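What follows is a short report on a single structure.
Order of appearance sets the numbers: ligands from 1, and atoms from 1 within every ligand. Note that this is a predicted model, so its numbers are computed, not measured.
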Amino acid sequence: MFPIAMNLQGVNAEVTAAIEGRGARFSAPVHLVAVSKTKPEEQIRAAFAAGQRQFGENYVQEAVDKIKALDGLRGADGIVWHLIGPLQSNKAALAAKHFDWVQTVDREKIALALARARAEAGLPALNVLVQINVSGEQSKSGVNVNDVTEIEALAQTIAAQPSLRLRGVMSIIENSADEAVLRSQFVLVRGVFDRLRERFATIDTLSMGMSNDFAIAVSEGATMIRVGSRIFGARQAPAPEVAV
Ligand SMILES: *Cc1c(COP(=O)(O)O)cnc(C)c1O
């Protein structure tokens, strides 16, 4: 078996164990997004051949090149593309035309730019997550987890756009070796998700957890995890500071 297929099998087995471990508290299935940023097209094909369907990319232009090259993998039970990196408004139109999901919407201006471009493209509604900043780190994007008014206003704006579909929330939590810290941050994001779900019927997605902590995220109710290096290996180049 190819390493990527083996790695996927390992991750999926850990997800299954974490779902069993958490018992009946949470019932939604858990979707794995394979994060392929900086990785070549052949590795995405290998993961696809092993059954993986959802892929996450961070940089709009890099992603659009791959999405076009892999156009043949689209279709029924085909590849699904998630934008998980920060989005500048000058890239919103490009993102709206090529991705199926945008997980990093944290302000109204971006939401409206995506809505306009998606409507013009005549594509089905774009799936959107509101990004929540739970660690309080300035360097991280997202609406502050304590800013309930802002979170609800943004959710309302997204829900009002026919060309967008409000699916839930995503968060990149602090990178910590302390499991209690990770767990407490996942619980805070879960709280936002639960609150919004009471108001918006289209919400079903809680995206949290990466290579180092996805099992904990699943145990705290994640319905979507974003895993890169555990599937594709360590990334060579350091990620650029600024979205390109
Ligand atoms: C890179 C990235 C991931 C995956 O990170 P790994 O640690 O390689 O699993 C997940 N989510 C976001 C938003 C990322 O930028």
Review point. Is the closest heavy-atom distance from Gln103 to ligand 1 below 4.0 Å?
Key: no
Review point. Considering only heavy atoms of Lys37, which atoms of ligand 1 have at least one such atom less than 4.0 Å away?
Key: 1 (C), 2 (C), 3 (C), 14 (C), 15 (O)
Revision key, fill the gap. A student checking ligand 1 against Val227 at a 4.0 Å heavy-atom cut-off should list atoms 9 (O)
Review point. Side chain, backbone, both or neither: which part of Asn212 comes within less than 4.0 Å of ligand 1 when only heavy atoms are counted?
Key: neither
**Study point:** Distance from atom 10 (C) of ligand 1 to nearest protein heavy atom, with residue and atom
**Key:** Met210 SD, 3.3 Å
**Study point:** Thr223 side, atom OG1; Met208 side, atom CE - distance, nearest 0.5 Å
**Key:** 8.5 Å
Check your understanding: Is the shortest N/O to N/O distance between Arg235 and ligand 1 below 3.5 Å?
Key -> yes
Review point. Which residue owns the protein heavy atom closest to atom 12 (C) of ligand 1, what's the atom, and how far is it?
Key: Ile84 CD1, 3.5 Å
**Study point:** Test item: Glu220 and Arg190 side chains (from C-beta on) under 4.5 Å apart, heavy atoms
**Key:** no
Point to revise | Element-labelled atoms of ligand 1 that are located less than 4.0 Å from some non-hydrogen atom of Gly228 | key: 4 (C), 6 (P), 8 (O), 9 (O)
**Study point:** Inter-residue atom distance Phe214.CZ - Glu14.CD, 0.5 Å rounding
**Key:** 4.0 Å
Check your understanding: Apart from Val187 itself, which Ile, Leu, Val, Met, Phe, Trp or Tyr residues share its cluster (side-chain heavy atoms under 4.5 Å, direct or through members)?
Key -> none
Revision key, fill the gap. Taking only non-hydrogen atoms of Ile172 and a 4.0 Å limit, the atoms of ligand 1 in range are 13 (C)
Point to revise | Which residue and heavy atom of the protein sit nearest atom 11 (N) of ligand 1, plus the separation | key: Arg226 NE, 2.9 Å
Check your understanding: Is the Trp81 ring parallel, tilted or perpendicular to the Phe55 ring (thresholds 30°, 60°)?
Key -> tilted
Exercise for review: May I ask you to identify the nearest protein heavy atom to atom 6 (P) of ligand 1, giving residue, atom name and distance to one decimal place in Å?
Suggested key: Ser211 OG, 3.5 Å
Revision key, fill the gap. Ligand 1 to Asn58, heavy atom cutoff 4.0 Å, flagged ligand atoms 14 (C), 15 (O)
Practice item. State whether the number of non-hydrogen atoms from other residues, nucleotides or ligands found under 6.0 Å of Asp194 atom CG is greater than 12. Key: yes
Review point. Hey, does the Lys NZ or Arg CZ of Arg53 hover above the aromatic six-ring of Phe48, less than 6.0 Å from the centre and inside 45° of the axis?
Key: yes
Exercise for review: Just jot down the salt bridge (charged side-chain N to carboxylate O under 4.0 Å, His left out) partners of Arg167, sequence neighbours excluded, or say none.
Suggested key: Asp204
